[in-house]
There are 2 protein chains.
Amino acid sequence: MSPNQILQSLIAEQLVSDPASARGRLLNEAARLFRDKGYERTTVRDLAAAVGIQSGSLFHHFRTKEEILKAVMVETIRLNTALMQAAADRAESPRDKLKALVRAELESINGQTGEAMAVLVYEWRSLSEASRAQVLELREIYEGLWLSVLESLSDTGQLQAEPFVVRRMLTGALSWTVTWYKPERGGLTLDGLTEQVMAMMGL
Amino acid sequence: MSPNQILQSLIAEQLVSDPASARGRLLNEAARLFRDKGYERTTVRDLAAAVGIQSGSLFHHFRTKEEILKAVMVETIRLNTALMQAAADRAESPRDKLKALVRAELESINGQTGEAMAVLVYEWRSLSEASRAQVLELREIYEGLWLSVLESLSDTGQLQAEPFVVRRMLTGALSWTVTWYKPERGGLTLDGLTEQVMAMMGL
DNA sequence: GACAATACCAAGCAAGCGCTTGGTTTGTAA
DNA sequence: TTACAAACCAAGCGCTTGCTTGGTATTGTC
């Protein structure tokens, strides 16, 4: 299954919004604005202007501004969990599964869904307690995927450090790439970056 | 020189504020509030209440709210540059220098200056263009320290990946520890964490 | 072509924001 | 004691914020 096919099937299941729909376009613009200016600095007027409607009209689609943030996060995790699952399934050995996960997450962070991924990492403080719990629940599924692969690597002796520590180091290292990795200028490709990450772990 | 002696000499040089002074106490509280709630969600009334004065009185010490954020960042970088320098000087081999830097940065992130370090990493979007340039200038000195150590490791063949890529991966991985590392519960000490980082790099 | 339901607009409210103002207290030194 | 600056208070201004309201197009369905 290609990334696009995965997206399509999630849309069909109504788990993520069609980017072509009004809701989907808003969420995309919201992700971009939230990443660029931060959630708090982004006003409902900014959001409305980005999709060409009046600020009040937003509240026909979402009850509160925070609900928009939550929707961005929830849909992003859903999509990425599916993408990671597919990437891991495509590989055979634990080592190749990990490499596939690293590559897929780098692609999520630095590709089209990058805005939303950055929001997911850096804006969770802006969520209410209730929303945070909801997002965290989905995130645990996502993290479980990583942990099972890292644990199988640990079982075969290819990984010395504790899987959960390694995952957290990777989370930080990979998500931080969004602040500096610019594929266009400089010769480092996503594959090259993936290789460096694997080499850093002696794999 | 102990960390405390370094702090004292920086205070004497007026490069950082005495934590016992009115200004120093405000900056400490500001760092804590900015980390916990984010810069935008922290109001001048919050800041004033934290040090027991009226909100208007803040503007006797700082011209704007943003100036408080800038001061937190500038003083934090100054202190940490000195701390890293001292840590690196204490070690002999490039490998030990790197380990000392990792250990020192983990301590900065997860110790007393942790609040301010988190602000430095996660709130730079809230800075104005002008302040950002100023902070970036100081940050380059700090990063230069790391790079020189990593380059010497690269020269001796102990490091395969590009130094600047490694540094950026480390920046992400180490600063991310602030979101999950809790020394009190769970047996992982700062030394243990440092070891895991070094092991992750095959060092 | 009637009729909802959906999507949107125009206007503005209440609350909270950063910051200013004019005046008072406190600390210090001659 | 006087003089003066630094530190602070009480009040509130002007603006922006998230969100509401009442009404109007637009769309889909039979």
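In what follows, every heavy atom counts, from backbone to side chain, and hydrogens, waters and symmetry copies are set aside. Numbered from 1 within each chain, the chains take letters A, B, ... in sequence-line order.
- Checked against C/dC9, D/dG18, D/dC9, the side chain of B/Ile53 finds its nearest nucleotide in D/dC9.
- Contact annotation: A/His60 reaches the phosphate of C/dA7 (side-chain N/O to OP1 or OP2, under 4.0 Å).
- Closest contact between the side chain of B/Phe59 and the listed nucleotides C/dC8, C/dG18, D/dC9 involves C/dG18.
- Between the CD atom of B/Glu40 and the C1' atom of C/dG18 there is a distance of 11 Å, given to the nearest Å.
- As rounded to whole Å, 10 Å separates atom P of C/dC8 from atom CG of A/Leu58.
- Aromatic ring pairs are classed by plane angle as parallel below 30°, tilted from 30° to 60° and perpendicular above 60°; the pair A/Tyr122 and B/Tyr122 is tilted.
- The nearest whole Å value for the distance from the CZ atom in B/Arg41 to the P atom in C/dG16 is 14 Å.
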Applying salt bridge (charged side-chain N to carboxylate O under 4.0 Å, His left out), run through A/Arg32 and A/Glu29 and close with a yes or a no. CA-CA 5 Å; A/Arg32 193 177 53 81; A/Glu29 292 295 329; 2.6 Å; yes

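- A heavy-atom distance below 4.5 Å is found between the side chains of B/Arg139 and B/Leu120.
- Within 4.0 Å (heavy atoms only), A/Thr64 reaches sugar-phosphate atoms of the nucleic acid but no base atom.
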Would you check, one step at a time, whether the test salt bridge (charged side-chain N to carboxylate O under 4.0 Å, His left out) holds for B/Glu105 with B/Arg167? CA-CA 12 Å; B/Glu105 191 162 281; B/Arg167 169 53 187 157; 3.3 Å; yes

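- Contact of the A/Glu75 side chain with the A/Leu79 side chain is not registered, since no non-hydrogen atoms from C-beta on lie closer than 4.5 Å.
- B/Ser126 places none of its side-chain heavy atoms less than 4.5 Å from the side chain of A/Glu40.
- Among the protein residues, A/Ser57 comes within range of the nucleic acid bases, having at least one heavy atom under 4.0 Å from a base atom.
- An OP1 or OP2 oxygen of C/dC8 is reached within less than 4.0 angstrom by a side-chain nitrogen or oxygen of A/His61.
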Under 3.5 Å, which protein N or O atoms sit close to an N or O of nucleotides 13-15 of chain C? Give each pair with its distance.
none

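- For A/Gln54, counting side-chain heavy atoms from C-beta on, the closest listed nucleotide (C/dA10, C/dC17, D/dC19) is C/dA10.
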